[in-house]
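Here is the structure we will look at, set down as structure tokens.
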Number of protein chains: 2
Amino acid sequence: MRISELAERTGVSIPTLKYYLREGLLHAGEAQGATRATYDASHVDRVRLVRTLVDVGRLSIDRVREVVRSLDEPPASRHELLGAAHEALRPHVAAADPTPEALDRVRALGPPGCEHSPAGHQLAQALTAAGAAGWSIDDATLATWQRAMLSVAETDVAPSLASAPPEEALRYAIVGTVLTDPVLLALRRVAQESVSARRLGPGPPASRGPATSPAH
Amino acid sequence: MRISELAERTGVSIPTLKYYLREGLLHAGEAQGATRATYDASHVDRVRLVRTLVDVGRLSIDRVREVVRSLDEPPASRHELLGAAHEALRPHVAAADPTPEALDRVRALGPPGCEHSPAGHQLAQALTAAGAAGWSIDDATLATWQRAMLSVAETDVAPSLASAPPEEALRYAIVGTVLTDPVLLALRRVAQESVSARRLGPGPPASRGPATSPAH
DNA sequence: GACTTTGGATAGTATGACTGTCCAAACTTG
DNA sequence: CAAGTTTGGACAGTCATACTATCCAAAGTC
């Protein structure tokens, strides 16, 4: 297909597609002379991936470029696949380095060495940021959250993926994370409303729960 | 204290503080003549709040202004407090309107009417976005996640808050949510690494788990 | 052969979040 | 009390990000 058709199918304008080509987010089409190239399904998929990362995941163009590069060279070993996905989706850091205390807490939560993985580092940073803002999270709360997220992770890890080709597996992990993180956070909020409605008695027509708030 | 001291204590530059004053993110100091005003602890707190929302929560200045306005006029009824916090922290929407199917699923998950609350709307949008990107989440998975987030929400709802003054309660809810959302997401990632390490056998020195990925 | 489309290069725009400059009135210090 | 510093307020300038727009000549289409 030509670029105009790619634009139609993805809903992305031609100038923007050219911009993505320039920026290395989209691989070039198959050249057929100086002023002609054809695009295929892989381009449609790539554009949709980019839009998902940008619109849902709020990734910057630079970060998206990192993601597509990692897809082009997925980690050789399966053992690094999750790490690569987490690395690609690490939060924009305006964050300070984690404190040793935060790293200790992380160490206690995951598999050995997890405090050096991208996810462990993220967790340490998040704990550090909370602490710096005066929000302490006690061990009991953290343990509860950990159990909850373990049960979520059980559903996350799809066995089929262990056998898929690395690029596909990596893309699956990245897209799944970007799309389901907001679902999880929204579920938390709905759950807060359920709990507060139950705890403080149902309010009026009850479209919202009574006054409550996240843990200390 | 004067503005220079406010800048020192918060680590925010004077021009930026002036910008926040202009933009209505920071209430004016107590004027003492044409070229003098004094600031107090409430200003320090406010600046820290703004920085937390911007740095950790990635809120735009417009959104932060909404938040501080809602703090100045907290909802009269306790029943609307959580809703106000969720409304203030709704994700930047590049998102399409939720589909009826998504709203049905939300309706089945929370208290009656929850699909009209800010949190329910967020959830419906997140489900819709996932669906549009070809990522279906089955009922069993969603139920598992719901249970997990309910146990998280149990720790979130602090009884003490029901009795705190509305502004304080609202601020507590907002700050807590902004600071703990990243903790939860990072815990999920660490948990994924635990699960994949367990499922596929520990990798090499095991600083990362083997290939796996989020649910289908 | 007239018209349209393309790739490639380059320049321009819109937004958001600051940052810098000026000024005169207060204040502080010597 | 004179010299120098700080302040509030107004306004203009900057920087980064993510596009958009314009040009052009070669290639295709009708």
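Since the model is a prediction, treat every value here as computed from it, not as a measurement. Residue numbers begin at 1 in each chain, while the letters A, B, ... track the order of the sequences.
- Judged by distance alone, the side chain of A/Thr141 and the main-chain N or O of A/Ile137 form no donor-acceptor pair under 3.5 Å.
- Between the P atom of D/dA18 and the CZ atom of A/Arg63 lies a distance of 11 Å, rounded to the nearest Å.
- A nucleotide of DNA chain C counts as in contact with chain B when one of its atoms lies under 4.0 Å from a heavy atom; the first and last such, 5' to 3', are C/dA17 to C/dC27.
- The nearest pair of heavy atoms linking B/Leu82 to A/Ser196 is CD1-OG, 3.7 Å.
- The NE2 atom of A/His92 sits 15 Å away from the C1' atom of D/dT17 (whole-angstrom rounding).
- Taken residue by residue, residues 4-23 of chain A places heavy atoms nearer than 4.0 Å to DNA chain D at A/Pro15, A/Thr16, A/Tyr19, A/Tyr20, A/Arg22.
- No engagement by A/Arg65 is indicated, since no non-hydrogen atom pair under 4.0 Å with the nucleic acid exists.
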Within the sub-3.5 Å range, which N or O atoms of nucleotides 27-29 of chain D have a protein N or O partner, and how far apart are they?
from, atom 1, to, atom 2, distance (Å)
D/dA27, O4', A/Thr35, OG1, 2.6

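- No engagement by B/Arg58 is indicated, since no non-hydrogen atom pair under 4.0 Å with the nucleic acid exists.
- For residues 19-73 of chain B, every residue pair satisfying the ring-ring contact (aromatic ring centres under 6.0 Å, His included) rule, not counting sequence neighbours, is listed here: B/His27-B/His43, B/Tyr39-B/His43.
- Looking at A/Glu5 and A/Arg9, a side-chain N of the basic residue comes within less than 4.0 Å of a carboxylate O on the acidic one, giving a salt bridge.
- In this structure a side-chain-to-backbone donor-acceptor pair under 3.5 Å is missing from A/Thr16 to A/Val12.
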Please list each protein N or O that sits under 3.5 Å from an N or O in nucleotides 13-15 of chain D, with the distance.
none

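- Side-chain atoms of A/Gln146 come within 3.5 Å of backbone atoms of A/Leu109 as a donor-acceptor pair (strictly under, hydrogens ignored).
- Side-chain atoms of A/Arg65 come within 3.5 Å of backbone atoms of A/Glu23 as a donor-acceptor pair (strictly under, hydrogens ignored).
- Looking at A/Thr155 and B/Trp145, their side chains do bring a donor and an acceptor atom within 3.5 Å of each other.
- Distance CD1 (B/Ile61) to P (D/dA16): 18 Å, rounded to an integer number of Å.
- Side chain of B/Arg46 to main chain of B/Leu25: a donor-acceptor pair is present (N/O by atom type, distance under 3.5 Å, no hydrogens or angles).
- If one axis is set at each end of the helix from C/dG1-D/dC30 to C/dG30-D/dC1 from five pairs, those axes are 0° apart, to 10°.
- For the pair B/Asp62 and B/Arg69, the salt-bridge criterion is not met [side-chain N within less than 4.0 Å of a carboxylate O].
- Judged by distance alone, the side chain of A/Thr128 and the main-chain N or O of A/Thr99 form a donor-acceptor pair under 3.5 Å.
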* Using the side chain to side chain contact (heavy atoms under 4.5 Å, CB included) rule, take B/Leu89 and A/Arg189 through it: C-alpha gap first, then chi angles, then the decisive distance, then the call. => CA-CA 11 Å; B/Leu89 298 178; A/Arg189 276 147 226 221; 4.1 Å; yes
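- Taking the charged nitrogens against the carboxylate oxygens, A/Glu87 and A/Arg90 do have a contact shorter than 4.0 Å, which makes a salt bridge.
- Between the side chains of A/Ser42 and A/Asp40, at least one donor-acceptor pair of N or O atoms lies under 3.5 Å.
- For the pair A/Ser194 (side chain) and A/Val190 (backbone), a donor-acceptor distance under 3.5 Å is present.
- Heavy atoms of other residues, nucleotides or ligands lying less than 6.0 angstrom from CZ of B/Arg58 number more than 12.
- The nearest heavy atom of DNA chain D to A/Leu59 and to B/Ala28 marks one nucleotide each, and the one closer to the 5' end goes with B/Ala28.
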